[in-house]
Amino acid sequence: MHLTELPAWKALWGHFTRARDWHMRKLFEADPQRARTFWLEHGGLHLDYSKNRITTQTLTLLLQLAREAGVPEGIAAMFDGQRINTTEQRAALHVALRNRSAQPMRIDGEDVMPKVLGVLQRMAAFASKVRNGEWLGYNNQPITDVVNIGIGGSDLGSLMVCQALRAHAHPRLNMHFVSNVDSAQLKETLRRVHAETTLFIVESKTFTTQETLTNAHTARDWFLHRAQDATAVARHFVAVSTNLKAVSAFGIDPSNMFEFWDWVGGRFSLWSAIGLPIMLSIGERNFLQLLDGAHSMDLHFRDAPLEQNMPVVLALLGIWYINFFGAGSHVIAPYDQFLHRLPAYIQQLDMESNGKRTTRSGQLVDYETAPIIWGDSGINGQHAFFQLLHQGTHISPIDFIASLDNRGSLPGHHAILMANMFAQAEAFMRGRDELEARAELAAQGVDDADIARLLPFKTFDGNRPSNTLLLDRLDPFCLGSLIALYEHKIFVQGLVWGLNSFDQWGVELGKQLAHAILGELRDGVAASPHDASTARLIALYRGQRQPQA
Ligand code: F6P
């Protein structure tokens, strides 16, 4: 049945006509148990979702919606290896990548576990050689720098995890990530490394991505110019891809290729060989811990009843705001410097998965889908964009994320960080009413006339929803669990909206036009006519380039 026809959807609209006027302050006052009721724990994560505009009845209706929308069946289909990526006729079985149990996971009857574990072993053997200095460059020196060349899902996950787990990084290996085809990034990186001690990892699921292949070719030219020996490439270039043919055509020996499969989506691939930079940086044992953390969340997601299921609950809260309150965006605010790339990572994960308006059956939706995901380090955000979140006109739910453990922080720092995070979540929930604002101004000695003038600016509505996610510590296990939590949350939202969360046709049009325009920029021949704006921009660019051409 169409989403908007489901009984729970209709019941939620009825419920919303009352709920939109609730204030969370009142909800907390009315129920001293609220912080216990709306609290979940799993996999080293503590989720406080009590600062949401919900009651137990809201949750009951949302859970009913999940059942009516077929969420339990969708979860089972994913774990069952069914081809749930319907437009590409592929399974989405990234959960197999972190299944190190003996349990088979099948696609069309074939157990994928032997090949998953086989690649994992090859990665581990390679990583160990590089890390212990056995893998030598062309003049027999150990590797000191690893340059990952990839973009999107072949960049963001490894980059984010390497940053997050810096405390576990190998002391000799400097990790670099090059994604931008703007040569400034590659140039800057190459300036900092030496050909004889650098390992390049070219990561691309398709091995056809223009940005990645351009950077990879330039890096190889740079390398050959220095090494002056084509056979040296084998010691300095490895590839991670599903496309053996294209990797060989590029000139990377297939024995230096680490494989993954079409049933691993790019944005869900950090657990596969795409995670090679992570394993190089933090080592096999820690990488396996990352997988174990994700696996633990997978089992929870598969087996926990919906009302205790962390990804399901987070997904439904999102739906409550997006579809009923009209919240168009969602903020990721990590209070941990090492997690500063998490918002960018979740941005791709969510927006590329559910940024869609066509259902699995090909109908256009008549409801909102994925929110705009944005964010930054929370403490920096407080001094930048939080003003809008406190007093602006948009509702933008926030996920506050931090580690309970201070990882040997310098004295005093961690407590300040956490105090700020707790205070922000409290301020967003409570706000400050006129009475409080008036009392504060009076206590500062402000006279009555000025109080009256300042009151509208000094009051905060509050009632702004947030989730607080605390990790026991920022270690590989908890991080794995956290990432899998978001993966599954996004999948559940896709299920409710009736979307295929595993394709990304929306990125194709721009790529095709860029190919056509590139030919035009180079040789001036237009492959197809353009609108006046694009034609003028191209003409301006070509005009500027003429003297150098
Ligand atoms: O253009 C989008 C996209 O296809 C992403 O889905 C993907 O993660 C990224 O490009 C990189 O693709 P590839 O790994 O094939 O180079």
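Below, all heavy atoms of this structure are taken into account, side chains as well, without hydrogens, waters or symmetry copies. Remember, it's 1-based here, ligands and their atoms both numbered in the order they're listed.
When each of Gln348, His94, Glu487, Glu352 is paired with Arg267, the side chain to side chain donor-acceptor pair (under 3.5 Å) condition holds for Glu352 and for no other.
Taking the ring centroids of His236 and Tyr138, they lie under the 6.0 Å cut-off. Between Tyr321 and His330, a ring centre-to-centre spacing not shorter than 6.0 Å is recorded.
Considering backbone and side-chain atoms together, Glu203 places no N or O closer than 3.5 Å to any N or O of ligand 1. Inclusion of Gly153 in the set of residues having an N or O under 3.5 Å from an N or O of ligand 1 is warranted.
Nearest protein neighbour of atom 15 (O) of ligand 1, counting heavy atoms only, is Thr206 OG1, 2.6 Å. At the top of the distance list for atom 9 (C) of ligand 1, counting protein heavy atoms only, stands Ile151 O, 3.6 Å.
Taking every non-hydrogen atom of Gln504 and a distance limit under 4.0 Å, the qualifying atoms of ligand 1 come out as 6 (O). Interface of Thr209 with ligand 1, defined as ligand atoms under 4.0 Å from a residue heavy atom, comprises 12 (O), 13 (P), 15 (O), 16 (O). Numbered from 1 in the order shown, with element, the atoms of ligand 1 that lie under 4.0 Å from a heavy atom of Gly152 read 8 (O). The distance from ligand 1 to the heavy atoms of Gln348 drops below 4.0 Å at these ligand atoms: 5 (C), 8 (O). Every atom of ligand 1 is numbered from 1 in the order shown, and the set under 4.0 Å from a heavy atom of Glu352 is 2 (C), 5 (C), 6 (O). Interface atoms of ligand 1 facing Ser204, defined by a heavy-atom separation under 4.0 Å, are 13 (P), 14 (O), 15 (O), 16 (O). Here is the list of ligand 1 atoms found below 4.0 Å of a heavy atom in Val507: 1 (O), 2 (C). Remark: ligand 1 atoms within the under-4.0 Å shell around heavy atoms of Lys511 are 1 (O), 4 (O).
By the 30° and 60° cut-offs, the orientation of the rings of Phe502 relative to Phe491 is tilted. Ring planes of Phe301 and His488: parallel class, angle under 30° (limits at 30 and 60°).
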Quick one: side chains of residues 366-375, donor-acceptor pairs under 3.5 Å with protein atoms, not counting sequence neighbours, listed by atom name and distance.
from	atom 1	to	atom 2	distance (Å)
Asp366	OD1	His2	NE2	3.0
Tyr367	OH	Trp497	O	2.6
Thr369	OG1	Asn354	O	3.4
Thr369	OG1	Lys356	O	2.8
Trp374	NE1	Ser329	OG	2.9

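Looking at heavy atoms from C-beta onward, Asp145 lies out of side-chain contact with Leu173 at the 4.5 angstrom threshold.
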- Any chance you could lay out the side-chain contact (heavy atoms from CB on, under 4.5 Å) test for Thr206 and Asn243, step after step, and finish with the verdict? CA-CA 6 Å; Thr206 54; Asn243 188 346; 5.6 Å; no
